[in-house]
Every structure is written in structure tokens, then in C-alpha cells.
Enquirer: 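The structure that follows is given in the form of C-alpha cells.
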Amino acid sequence: CTDKEDPKKGKEKRGTSKEVCGYPLSIFFIVVNEFCERFSYYGMRAVLVLYFKYFLRWDDDLATSIYHTFVALCYLTPILGAIVADSWLGKFKTIIYLSIVYAIGQVAMAVSAIHDITDTDRDGTPDNMTFHVVLSMVGLFLIALGTGGIKPCVAAFGGDQFSDHQDRQRRTFFSVFYLCINGGSLLSTIITPILRAQDCGIHSQQKCYSLAFGVPAALMLVALVVFIVGSGMYYKAEPQGNIMLDVCKCIGFAIKNRYRHRSNQYPKRQHWMDWAEEKYDKLLIAQIKMVLKVLFLYIPLPMFWTLFDQKGSRWTLQATTMNGYFGSLVIQPDQMQTVNPILILTLVPIMDSVIYPLINKCGLNFTPLKRMTVGMLLAAIAFVCAALVQIEIDKTLPTFPSTSQSQLKLLNMGSETVTIKMPGNDPLNLTAAQASNEYFTFEAGQINISVGHPEVRNTISLAKGQRQTLLIPLTITDEWLMTDDITSKPQEGNNAIRFVNGMKTAVNVSIPAANFGLIEPFSYSNYSLIKNGKVTFTLWSGSQSCEYSTDFGFGSSYTFFIPSTLVFGPNCQESITAAEDIKPNSVHMALQIPQYFFITAGEVMFSVTGLEFSYSQAPSNMKAVLQAGWLFTVAIGNFIVLIVAELAKLPKQWAEYVLFASLLVAVCFIFSIMAYFYTYIDPAEIEAQFKKNVNEDDEDNKHKLQKTEVEMNKRDSIKCHDEDDKDKQTKM
Ligand SMILES: CC(C)C[C@H](NC(=O)[C@@H](N)CC(C)C)C(=O)O
């Protein structure tokens, strides 16, 4: 765990690759391959939900569940890829074959998004939706198989290119590998949404999903070609038979044999796997022990991913309740997620070249497992930050009526000031064309209201849990109208807008993105959702028009009133009044930056280290399998999000963040204890010793095997307090 090379280790070079600055040239092809592959994956993923919703016309629920199923599948298939690589084809061939499957999947997605293929009536919408659905589902399945399948192989294959003495270079490789993942994903999540927004088509123009999927498909082909070009330079470790089958059989035999010898008359053995000795090679048993030790250590790890993966869900939802104006730049809620890869690109080099060396200089032995523990704590701090931000947001949210209450707003549609008397409130003076600033809260039911002088009294019914606006007519003796207002913040940072027409003629209101329709005299429109930014409404009454412009923030709701006195023409802007029913989001999105900073710093310490740890602690014939085990913790983490959120059902979002942070701290504590008892091994050294011993004569062989075994068992069971011990074993 130090940066120094181990002089005892062999200096033999792996593969035929030239070296550049001490690094095999072959890894250049591997990191470029990873960059292109991640571009392909994240680029396609960035527009997937929109494709489901707007191209396949699925509802939100179906779109999000298919999306999450796909993502989960991408982290389950690594097991398959790893087994194929380590037991059968080897990593090189597995990467080539599965990359072809992957590229076919991406091409299938691109083709499935060409609406012209089935648009026989040329109206711009596909006529045979089944074709598009089936093709895209086949495409997604192939992509999940490909991306998941190659993922553990590419990382392990990269690690294989380094000789045993190149520990430091291999660690740097895993950092650069991680930089490429994030560089590729950052670029593609910016580019593919832009491609999607273009219009394209042969017979009719539609949003260009085929291009948004086509470019990732092209990048996957580039990834494949780059990987093949490096072919002559790679070190290709041969698979050693059906290793996974042997492992399963060996474990099964050990369990059976242990059970058969459960009586006290049989002497105990150091490790339960030693019960396989009668039938299986000692080297295989030793290798299984190495893998099991690491897999056992992985048990608490999914909790980290549980928190990490909420960036894309809960944190994005949180951003929708915040203000995204950064000066003249407007950041959309889902764009905040790009802060993660941007920070990765800056934090990985800082950690590697400043923080870790500085910690080493201070004489602290910052071992991989210690880094991972600190990474978990940083993720927990990120969630505490998220909870604090949430508390600030909650303070600015409107108080909506409880289930037994009702809230009422008043809008004076007349041209003179009126005085309104309501039970439990002081008389309220409303000037012409004005609405009350606030909603008044009452117990639901009937209340008496009197308006004007001489007073006109009316009894109105207030609905439970509702917000309503009482429209007081121009002539107060006319019928009073009650509107139903929205009772929650508009979703996704949109603004809910409606118009009330106080004129004696119908008015049509429209903007390029929405049409409020024809609003009858003394009537009102439905709400329309509008994005943030400057919007110009065009009002038409007969042949007369009026343009009304205003700026919207995020998450507000307004009722615009067109008074009876409105004069159409250039000065109409001043006559229209706006009632703010729900204030725009006021807590700034920049407040999310600390939580992104902590989760990303945590990711660098946890994930980059874990990737390298999984490689360095795996026996030579199960490198990809252990990488898959590492990725499996990501899949489990995603499932835990669903389970905990469903079971906890906390009324306040900030409390859920605190719950997740506390769970991670608890898990981190358990992990640190497990890590304390973990002894770092050098699999290559142990394997070499076993192989050497097998070649010795029988007597000697027996003796040495016993010695090695005792040595290994000691490592398993005895806690060594000396961190710098001569055998270069390092404890946490
Ligand atoms: C689970 C991770 C090891 C997956 C890794 N993701 C990242 O590096 C993220 N920082 C990328 C970001 C765009 C979400 C990956 O291999 O994709």
C-alpha cells in the first residue's frame, strides 16, 4: 500500500506492448475504448426516458419503471460477462464479442427511433408502434448484455497489462480509467439532448431521437475498432478452464464434507474451505479463500451506492424546487447532475497528486480500505448537506390546506374598490382588478361573505383540502364564480399559468408552446405549464390583439387577469394584472454544490479505490469475477433505494436524507471493523509459492504446502498489529 515498487517482485514485462513513461502503450487503447463506450452508454441513457414518453407515447410510470429495470440489468449482467471471460473465452475475446452485441443493440435503438419506417400516412407519427417498441426493447436488452458484460472485463483487462512490480502505475491507470468514464459521460450527456432537440425526418420532421441514439451507436463502433487496433499489443491471460464450475463444485464439496464430519471426534480445520482438501487442488482452495474474503468485505458496500444513486433521482427532484438562475445562465434541474462528472475530472488528479501524497508525507498509512471508509463518511456528510438544503426549501414552500381545511383567495373583477367581510377576518379592501395577496384559511364547509356597499351577502361552499379563488364580478349582484386552484408546487420546475377574462367579449390567449384556448367573458382558462424564462402571451379579441410579456422563474403559479377596461394595442401590458398564487422557488440551486462536492469526493475515495482493490486482491484466474462482484454491489444498492424509501415513508424529505446518512454511518462503522481484520495479500506471490511447491519432490512438497497453508491460515485468523510488517502485508 505504499507507492514504492516492491524490489522483491519480478520485473518481467507483460505482453508485447512498448512502454511510454513506464506505462504499457496498450492501456492507451483500453482507456480510449472506455471513454467511447461510456459516451455511448450515458449518451443513450440521457434521452431514454424522453424517448419512451414522447416517441413510444408511454406514461410516466411505465417510462420510469422500464428505465430503472434497464439500469439495474446493466449492473447484473457483469456476472455473466465475467464468468464467460474467466472460464471460457478470456477477457479479450469476451470484450470483442460483447462489444459487437452492444453495438448491434445501439444500432437497433437508432433504427427503432426512425418514425418514417412505419409512418405510412406521413403524418409524423409511427403507424406501427409495436415495431418500434419491440425493436427498442431488443436493442436495450442487447445493450444491457453488452455494457454490463464487458464492464468487469475491460477494467480487469487493463489491470492485466501491468507487471507485478508496477503497482503504482496500475493504480494510476485505474484513476485515468475513471477519468475517461466521466469525461465520456459528461460530453455525451451534454451532446445527445442537443441532438434530440433537432428536427429530422424524410417525409415529416420530428424530434431527432434516431440521431441521439445514432451518435452513441457510432461511438460504440469506434470503441470496438480502437480496441481491435490495440490487439497486437495486449497481454492476454488465457482462461484456465471452467473456473466458476470448479469453484462452485469445490465450495459444495467443502460444505458437504464439513457436514459429514460434524461430530467432535474429527479434528477441526483452520478454515471451512479446508474441508475440500481431500478432493481439490490446494491452489484452487487458496484462491477461493481469497475471493470469499473480499466478497465478505463487500457485504456492507451496497449502502454507499444506495446514497450515490439518489443523485439522479431525489437530488434532481430537490433541484426542481430550487432557483436555477446563475446570472444570465439558466441551469435546468436535471443538468445539475453534470456537476458530478465535472468534479470527478478535477478531484481525481487533485487526490492522486496532492491529497494522498500529503497524507503519506504526514506518516499516515492511508490504505485502500481506509480510503473507502472515509469515502463512505463523505457520502453521509453529503446527505446531511442535502437535508439542510431541504429544510431551507421547506421553509419557502407554501402552506397548503390540510384535509379538513380550505383556502380562499379573492379577485375583484370590477373597476372600483370593494370591501369584503369574511368570518374571523378584518374587512379587506380590494382595489379594481386586484387579487388578495394571500390565501385565507377556513375550516371546509359553508361560510358567509359580504361584499361592497350596500352589502351583498352570499353563502359559498369551501371544498375540503382545496384552494379556491372567489371571482367577484363587475356587478356584484351577478353570479359569483369559484375557481379550483392548484394545491401543490408545479412539477419539474415548471410554472402553472392561467387567465381570468373580465371582459364582456371572449379572448384567445396563446404562446408558441401552449394555447390557453378561447376564454369566455367572466370566465377562466385551465392551467398550462410553462418553462422558466421570458414569455410573450398574445391575446386576441376579434381582430384586436395585445402582447403581454413577463419573466418566469421556477415552480411558480400565477393567475393573470384581463380587466374589462383593457384597451387592445401597444399599451395593453400595463392593464393586465398578475396574482401570485405560488411563489417561484427562491432557494438557489448553487446550494446543492456542497452535497455534490462531498458525494463526488466520497466517490473518488470509495469507487476509484474499490475498483483497484477488487483487481489487486483477486486471484489471477478470477480478476473479472471479482470486478463483477464489485459491480454487483452497485446493483444491490439500487434495489435498497426502492426498499428503504418504500418502508420508511417519512413525511419529510429531509428526515429521509438524515435516515440514509445515519444508515450509511452505521454501515461504515461495521465496514471499518471488518476492514480492520482484513489482511492485504499479494495473490501473485501466493499463487507462485503454491506452484513452486507443487514442483518439489513429494516429501518436501508436503512440508512446504503445509507451511504455506499455515501461513495463509495465520493471515486469516491472527490479527497483526504491525502495519509495516516485513512480508509487506498491510492491514487497514
Ligand atoms: C457505479 C459506478 C462505478 C459507475 C461509474 N460511474 C461514474 O463514474 C459516475 N461518476 C458517472 C456519472 C456520469 C454518473 C461508471 O462506470 O459509469
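Keep in mind that what you see is a predicted model, and the values were worked out from it rather than measured. In each ligand, atom 1 is the first atom listed, and ligand 1 is the first ligand listed.
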Enquirer: For atom 13 (C) of ligand 1, what's the nearest protein heavy-atom neighbour? Residue, atom name and distance, please.
Expert: S185 OG, 3.3 Å
Enquirer: I'd like to know if the side chain of K623 reaches the main chain of A618, judged simply by a donor and an acceptor atom lying under 3.5 Å from each other, with no hydrogens or angles considered.
Expert: yes
Enquirer: What protein heavy atom sits nearest atom 10 (N) of ligand 1, and how far away is it?
Expert: E603 OE2, 2.6 Å
Enquirer: Counting non-hydrogen protein atoms only, what is the nearest one to atom 17 (O) of ligand 1? Give residue, atom name and distance.
Expert: Y42 OH, 2.6 Å
Enquirer: Please work out, at 4.0 Å between heavy atoms, whether the side chain, the backbone, both, or neither of N182 comes within that distance of ligand 1.
Expert: side chain
Enquirer: Ring of F157, cation from K91 - is the NZ or CZ under 6.0 Å from the centre and inside 45° of the axis?
Expert: no
Enquirer: If you measure only the distance, is there a donor-acceptor pair under 3.5 Å linking the side chains of Y235 and S26?
Expert: no
Enquirer: Out of N340, T147, L179, whose heavy atom is nearest to atom 14 (C) of ligand 1?
Expert: N340
Enquirer: Tell me, which protein residue and heavy-atom name are nearest atom 4 (C) of ligand 1, and how many Å apart are they?
Expert: Y75 OH, 3.6 Å
Enquirer: Think R171 forms a cation-pi with Y615, using NZ or CZ under 6.0 Å from the six-ring centre and within 45 degrees of its axis?
Expert: no
Enquirer: Select one of side chain, backbone, both or neither to describe which atoms of Q337 lie under 4.0 Å from any atom of ligand 1, heavy atoms only.
Expert: neither
Enquirer: Report yes or no: do T147 and R38 form a side-chain donor-acceptor pair below 3.5 Å?
Expert: yes
Enquirer: For ligand 1, is K151 a contact, meaning one of its heavy atoms is under 4.0 Å away?
Expert: yes
Enquirer: Could you tell me whether Y178 and ligand 1 have an N or O pair separated by under 3.5 Å?
Expert: yes
Enquirer: Give the minimum heavy-atom separation between E37 and A223, together with the two atoms involved.
Expert: N-CB, 4.0 Å
Enquirer: Any idea which of W630, W305, F606 brings a heavy atom closest to atom 2 (C) of ligand 1?
Expert: W305
Enquirer: Hey, is ligand 1 close enough to S607 that some N/O pair sits below 3.5 Å?
Expert: no
Enquirer: Out of all atoms in ligand 1, which are within 4.0 Å of some heavy atom of V634? Include the element for each.
Expert: 1 (C)
Enquirer: When the ring planes of Y51 and F55 are compared, do they come out parallel, tilted or perpendicular, using 30° and 60° as the limits?
Expert: parallel
Enquirer: Would you say R38 and ligand 1 have an N/O pair spaced under 3.5 Å apart?
Expert: yes
